[in-house]
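Here's the structure we're looking at; comments come further down.
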Amino acid sequence: MEIIAQRVFNTLYIYLDIVFLIGFCALLIIKKRYLTFLFAIAGGVLYMIVDYGIFHLAMHSRSIEGGDLFWVLLWMSMSYGITNFAWIWLWMSKDKHLLEWSMLIWVWWICAPMIANVLGANMPVVKIQRTTSGYHGYMAIIMFTTYAAAIVYNIMQKNKEKRFPLLWLLAIGVLVQFAWEFSLLIGGIRSAEISSAWDKIQTLIVNSLLETNLGAISTFCVFVFLTQRFTEDLKKRDKKVSFFDRIVEVNRKKVRERPVPAVASVAASDETSPSVPTDTPEDNSSER
């Protein structure tokens, strides 16, 4: 199945987005979301490795008109890498300001193309696209393998609170990518020169279901591994918990709920879990 992921935009869109990225990263630092910031930067680097190294150099699926491929891909990778990975991290940590962070990112994605279209109408246009038939199958393999492993683990795990929050991870994987794809589509950037409505919708649906979701389980494992050791402001936790006890803490936590101190362990064998904290010190304790 051939899906063409295409973007058409003027160069003002790039400059405006760079300004937003600098401001967004500065806000993360000001609010002491240091771990979120570092994860976001790592996401941008990862996107660049995949997009330029694999999609372009290895698979030759990238093409561009009106710009330098390396520099455009570097901006694109850092732009959507930073915002996507920061948003994913904020979702997984159930940040107390998750609604506000989400609105900031999504409102920018919606408004940026419209602003650029008005103010940059006479500026050079960049057209960049990639074909997906060569690698979507590999993405599907990764997605199935990671989800299947998590599903089998959940089936075997008697303690419900030590199970992976699969519906939450599925929602994150689908909704973050959908928000991105939808904003590109209605902003006239995604599939701008593709006339078929079905082709546009197909790209939206397939990318939303697959491209971020394939890493949802792996990203959650990284999140649990790091936050069992460090708080959001990069301080070591007073009491490091095990990987699976950290899953319990994540499952117990509610968005906007005030954190309470964590305990060191959770009984592994009970079908009905014991009393454990609803949160950890990692969620922005330094702000209070």
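Proximity of a side-chain donor or acceptor of Asp51 to a complementary backbone N or O of Tyr47 within less than 3.5 Å is not detected. Put simply, the side chain of Ser93 gets close to the backbone of Leu90: a donor and an acceptor are under 3.5 Å apart. Checked by atom type and distance alone, the side chain of Arg229 never pairs as donor or acceptor with a backbone atom of Arg237 at under 3.5 Å. With hydrogens and angles disregarded, a donor-acceptor distance shorter than 3.5 Å links the side chain of Gln228 to the backbone of Val241. Between the Ser79 side chain and the Trp75 main chain, no donor and acceptor come within less than 3.5 Å of each other.
No more than 12 heavy-atom neighbours from other residues, nucleotides or ligands sit within 6.0 angstrom of CH2 on Trp106. Counting heavy atoms of neighbouring residues, nucleotides and ligands inside a 6.0 Å radius, atom CZ of Phe144 does not exceed 12 of them. For Asn122, the CG atom sits in a loose shell: 12 or fewer heavy atoms of surrounding residues, nucleotides or ligands are nearer than 6.0 Å.
Glu232 and Lys32 are not joined by a salt bridge, as no carboxylate oxygen comes within less than 4.0 angstrom of a charged side-chain nitrogen. We find that Lys239 and Glu249 are not joined by a salt bridge, their nearest charged nitrogen and carboxylate oxygen being 4.0 Å or further apart.
By the criterion of side-chain heavy atoms lying less than 4.5 angstrom apart, applied directly or through intervening Ile, Leu, Val, Met, Phe, Trp or Tyr residues, Ile54 is grouped together with Leu73 in one hydrophobic cluster. Placement of Tyr52 and Trp71 within a single hydrophobic cluster is found when ILVMFWY residues are connected by side-chain heavy-atom separations under 4.5 Å, directly or transitively. Cluster membership for Tyr138 and Ile49, using ILVMFWY side-chain heavy atoms within less than 4.5 angstrom, is not shared. Val45 and Trp87 fall into different hydrophobic clusters, where Ile, Leu, Val, Met, Phe, Trp and Tyr residues are linked whenever their side-chain heavy atoms come under 4.5 Å apart, directly or through other members. In the hydrophobic clustering of ILVMFWY residues, with side-chain heavy atoms under 4.5 Å counting as a link, Met114 and Val118 come out together.
The closest side-chain donor-acceptor pair between Trp108 and Asp17 falls under 3.5 angstrom. For the residue pair Asn117 / Tyr13, no side-chain donor-acceptor distance below 3.5 Å is found, with atom types taken as modelled. Between the side chains of Asn84 and Trp180, no donor N or O sits under 3.5 Å from an acceptor N or O. For Asp233 and Thr231, the side-chain atoms include at least one donor-acceptor pair closer than 3.5 Å.
Counting heavy atoms from C-beta outward, Asn213 and Gln177 have side chains that stay 4.5 Å or more apart. Taking 4.5 Å as the limit, every side-chain heavy atom of Val126 sits out of range of all side-chain heavy atoms of Val8. Val255 is not listed as a side-chain neighbour of Asp95, based on a closest heavy-atom distance of 4.5 Å or more.
Taking the six-membered ring for Trp and the full ring otherwise, Phe225 and Phe243 have centroids separated by 6.0 Å or more. Proximity of the aromatic rings of Tyr153 and Phe244 is defined here by a centroid distance below 6.0 angstrom, and this criterion is met. Residues Phe223 and Trp91 place their aromatic rings such that the two centres sit no closer than 6.0 Å.
Taking all atoms of both residues into account, the shortest heavy-atom contact from Thr227 to Arg246 is OG1-NE, 2.8 Å. The heavy-atom pair separating Asn10 from Gly120 by the smallest distance is ND2-O, 3.2 Å. A pairwise comparison of heavy atoms in Cys25 and Ile82 identifies SG-CG2, 4.0 Å as the closest pair. Minimum interatomic distance between Lys162 and Asn251 (heavy atoms only, all atoms of both residues): N-ND2, 4.5 Å. Across all non-hydrogen atoms, the minimal contact from Thr146 to Leu214 is OG1-O, 3.7 Å. Closest of all the heavy-atom pairs between Val250 and Lys94 is O-NZ, 2.9 Å.
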For Phe164 and Phe220, what are the C-alpha separation, side-chain angles and deciding distance, and is it a ring-ring contact (aromatic ring centres under 6.0 Å, His included)? CA-CA 9 Å; Phe164 282 78; Phe220 182 72; 5.6 Å; yes
Which is it for Gln129 and Glu65 under the side-chain contact (heavy atoms from CB on, under 4.5 Å) test, yes or no, and what are the steps along the way? CA-CA 9 Å; Gln129 68 180 29; Glu65 299 175 14; over 6 Å; no
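Of the residues listed (Tyr34, Phe37, Phe39), the one engaging Trp89 in a ring-ring contact (aromatic ring centres under 6.0 Å, His included) is Phe39, and it is the only one.
At least one test fails for Lys96 against the ring of Trp101: distance under 6.0 Å to the centre or angle within 45° of the axis.
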